[in-house]
Amino acid sequence: MASDHVDVLIVGAGLSGIGAAVHLRRNCPEKTYAVLEARGAIGGTWDLFRYPGIRSDSDMYTLGYSFKPWTDPKAIADGDSIREYVRDTAREHDVERHIRFHHRVVRAEWDSAIARWTVHAHRDDTGEEVVLTCAFLFTCSGYYRYDEGYTPEFPGVDRYAGQLVHPQHWPDDLDYAGKRVVVIGSGATAVTLVPAMAERAAHVTMLQRSPTYVISLPSRDVLADALRRWLPAKAAYPVVRWKNVLLGVANFQLSRCAPGVVRKLLRRAAKGRLPVGYDIDRHFSPRYNPWDQRLCVVPDGDLFAAVRAGRAAVVTDTIDTFTEHGVRLTSGEELPADVVVTATGLNLLALGGMILAVDGREVDLAQTVAYKGMMLSGVPNFAMTIGYTNASWTLKADLVATYVCRLLRHLDATGQEIVTPVAPAAGELAPIIDLKSGYVLRAVDQLPKQGATTPWRLHQNYPRDVLLMRHGRLTDSGVRFSHAGAPTDDSPADPTLRGARPPADTPVA
Ligand SMILES: Cc1cc2nc3c(=O)[nH]c(=O)nc-3n(C[C@H](O)[C@H](O)[C@H](O)COP(=O)(O)OP(=O)(O)OC[C@H]3O[C@@H](n4cnc5c(N)ncnc54)[C@H](O)[C@@H]3O)c2cc1C
């Protein structure tokens with residue numbers, strides 16, 4: 001059993017983990033760190049998903065890192081390009097040699113007496129158990145299970161003789177050329193798969209239980225294309241990034257204030273891209289308001305174009321049963337299929353499935369409250385990365401990493417060792433993820449909560465978070481700073497841990 005110590009332990013070598021390591025190198029170069037990654041590769045989501053057409057659904061000027069301009073002319077980028085971008089970042093910033101692959105973190109135990117985490121990882125390649133210690137634990141483990149996507153139980157599925165595939169486990173050798181394909185689902189993955197598969201399949205049907213808002217955006221950014229001719233990438237990138245941030249905020253706020261108006265605009269935009277007489281209300285007009293679930297982006301209207309060309313169709317109905325040759329619907333209609341793709345979603349998983357314990361007591365995540373959307377009440381020297389639900393993930397990931405560096409420097413400057421959020425005394429608590437999508441609702445009971453006011457409330461607003469996290473105070477009533485071994489505070493009992501208590505408050509400079 002190997003054992004060693006680092007100042008900061010990052011869990012996950014995806015977009016967030018690599019970004020976190022770069023921020024750490026740049027802002028706290030004296031800190032030692034390691035990245036533990038369960039898989040054998042860098043890239044997380046962008047390495048795992050290999051289905052046809054895999055791409056971002058937000059623009060790369062905001063999904064890219066603040067410190068590394070996105071220079072590819074495609075604003076909506078394919079999975080391979082994003083994976084290369086993350087790998088290039090790791091290489092350019094010398095992060096690669098700090099990554100320990102095939103290390104799946106299963107448990108982390110905090111000891112207030114010595115202000116250290118003891119982290120247990122399982123090596124999936126050798127079967128070995130590895131133990132490391134660190135002063136600060138920074139999880140960048142994404143938000144869903146890697147080993148298994150979500151597939152509902154479909155009646156009769158056992159008798160289906162065709163090929164059944166989940167997008168999370170796409171077979172390398174799946175040949176769907178000239179075949180009839182049914183894609184079950186209506187989310188980002190389904191709307192990506194349908195036009196991509198329609199290029200080679202005989203026909204693709206998107207079978208959805210209920211519609212989703214689908215919006216067409218240009219795959220290239222006009223402003224970025226123009227600026228690229230005149231300005232170096234480093235100067236053009238923040239301009240385009242902020243333009244897209246502000247457009248996104250305006251779009252979201254308008255959806256919240258005037259959902260009826262946005263609903264009409266989206267319907268009109270879809271109508272203009274679909275054949276005359278198409279039943280938009282049935283297939284593209286959801287019952288919920290825009291942004292109650294994420295909008296689905298289709299670059300240059302590719303989904304609509306495939307429907308218009310007759311290469312793809314949308315069917316809104318429920319499955320009665322699978323048959324030997326396809327799917328029979330409640331309406332009685334049969335959809336023959338050689339291949340059925342279950343684009344039915346993800347299984348949410350907090351903190352990559354790892355268990356946290358503080359001073360001998362296990363943390364019940366559902367009882368914790370997230371401080372600034374990135375630390376957990378009652379859990380010392382810990383941060384996690386959860387991106388925005390209404391904007392690009394990396395915008396928040398960058399802010400979280402910047403904030404962790406500020407905290408680490410503050411601890412050093414003030415001679416403290418421990419920082420612990422303390423749950424708000426009063427106020428309503430709400431789920432940390434405020435979407436009503438199925439994958440969120442299925443797991444919402446197991447996730448941390450958010451509070452009613454700052455710093456416990458998640459505003460899902462990047463400009464506001466820039467002020468809060470890049471420039472705002474590090475010391476407020478929501479956190480306590482202390483030394484190793486300081487006596488624990490007996491009152492009030494922190495409701496966020498089963499019996500564990502946060503370290504005592506000590507004056508901060
Ligand atoms: C198909 C798809 C498309 C998406 N498109 C967009 C988009 O366009 N825009 C957007 O903003 N967001 C999008 N997202 C959300 C997306 O996950 C984020 O953009 C981003 O990739 C998250 O990066 P991450 O590093 O935080 O998490 P991940 O990409 O999930 O990476 C997490 C890493 O942590 C590792 N890990 C997990 N648990 C452990 C453990 N216990 N021990 C060690 N290692 C562990 C994993 O192996 C993985 O490498 C998409 C998600 C999916 C599934």
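Read the numbers this way: they start at 1 and go in the same order the structure lists the ligands and their atoms.
In this structure, atom 15 (C) of ligand 1 lies nearest to the protein heavy atom Y143 OH, 3.6 Å. Among all non-hydrogen protein atoms, the one lying nearest atom 31 (O) of ligand 1 is Y146 OH, 3.2 Å. Here the protein heavy atom with the shortest distance to atom 9 (N) of ligand 1 is S58 OG, 2.6 Å. Scanning the protein for heavy atoms near atom 35 (C) of ligand 1, the closest one is E37 OE1, 3.3 Å. When hydrogens are left out, the protein atom nearest atom 44 (N) of ligand 1 is A38 N, 3.0 Å; that is the closest non-hydrogen contact. Closest to atom 38 (N) of ligand 1, if we only count protein heavy atoms, is G352 CA, 3.4 Å. From the protein, the heavy atom lying nearest to atom 52 (C) of ligand 1 is T45 CG2, 3.5 Å. Atom 24 (P) of ligand 1 has its closest protein heavy atom at S16 OG, 3.2 Å.
Remark: distances from the non-hydrogen atoms of L36 to ligand 1 include one below 4.0 Å. Heavy-atom separations between Q168 and ligand 1 are all 4.0 Å or longer. The closest approach between any non-hydrogen atom of G353 and ligand 1 is not below 4.0 Å. Judged by the shortest distance from any of its heavy atoms, Y51 lies inside the 4.0 Å radius around the atoms of ligand 1. Within the structure, ligand 1 has C140 among the residues with a heavy atom less than 4.0 angstrom away.
Checked by atom type and distance alone, the side chain of K179 pairs as donor or acceptor with a backbone atom of D175 at under 3.5 Å. Using modelled atom types, no side-chain atom of D59 and backbone atom of A75 make a donor-acceptor pair closer than 3.5 Å. In this structure, D47 contributes its side chain and R83 its backbone to no donor-acceptor pair below 3.5 Å. Here the side chain of W70 pairs a donor or acceptor atom with the backbone of D72 at under 3.5 angstrom.
The shortest N/O to N/O separation between D57 and ligand 1 falls below 3.5 Å. In terms of polar-atom proximity, G43 is not counted as a contact of ligand 1, lacking any N or O under 3.5 Å from an N or O of the ligand.
Close approach of ligand 1 to R39 (heavy-atom distance below 4.0 Å) involves ligand atoms 47 (O). The H103 neighbourhood of ligand 1 comprises atoms 42 (N), 43 (C), with distances under 4.0 Å to a heavy atom of that residue. Under a 4.0 Å criterion applied to the non-hydrogen atoms of G12, ligand 1 contributes the atoms 33 (C), 34 (O), 35 (C). Listed by number with element, the atoms of ligand 1 under 4.0 Å from a non-hydrogen atom of G44 are 29 (O), 31 (O), 48 (C), 49 (O). Annotation for ligand 1: atoms under 4.0 Å from non-hydrogen atoms of V11 are 40 (C), 42 (N), 43 (C), 44 (N). Heavy-atom proximity to S56, at under 4.0 Å, picks out these atoms of ligand 1: 8 (O). Interface atoms of ligand 1 facing S392, defined by a heavy-atom separation under 4.0 Å, are 11 (O).
Judged by the 6.0 Å and 45° rule, R267 forms no cation-pi pair with F284. A cation-pi arrangement is found for R442 relative to Y150, the charged atom lying closer than 6.0 Å to the ring centre and inside a 45° cone about the ring normal.
For Y237 and W242, the gap between ring centers reaches or exceeds 6.0 Å.
A distance of 10.0 Å separates CH2 in W110 from OG1 in T118, rounded to the nearest 0.5 Å.
Side-chain atoms of T62 and N244 include no donor-acceptor pair closer than 3.5 Å.
Of all heavy-atom pairs between M469 and R406, the closest is O-NH1, 2.8 Å. Residues T420 and P380 approach most closely at OG1-CB, 3.5 Å, considering heavy atoms. Considering every non-hydrogen atom in both R294 and D57, the closest pair reads NH2-OD1, 3.8 Å.
Salt bridge present: D398 and R241 bring a charged side-chain N and a carboxylate O closer than 4.0 Å.
Across W46, W393, F49, Y388, heavy-atom proximity to atom 4 (C) of ligand 1 is greatest for W46.
Between Y65 and F67, the ring planes lie parallel to each other; the angle is under 30°, not in the 30° to 60° tilted range.
Contact annotation for V105 and ligand 1: heavy atoms of both the backbone and the side chain come within less than 4.0 Å of the ligand.
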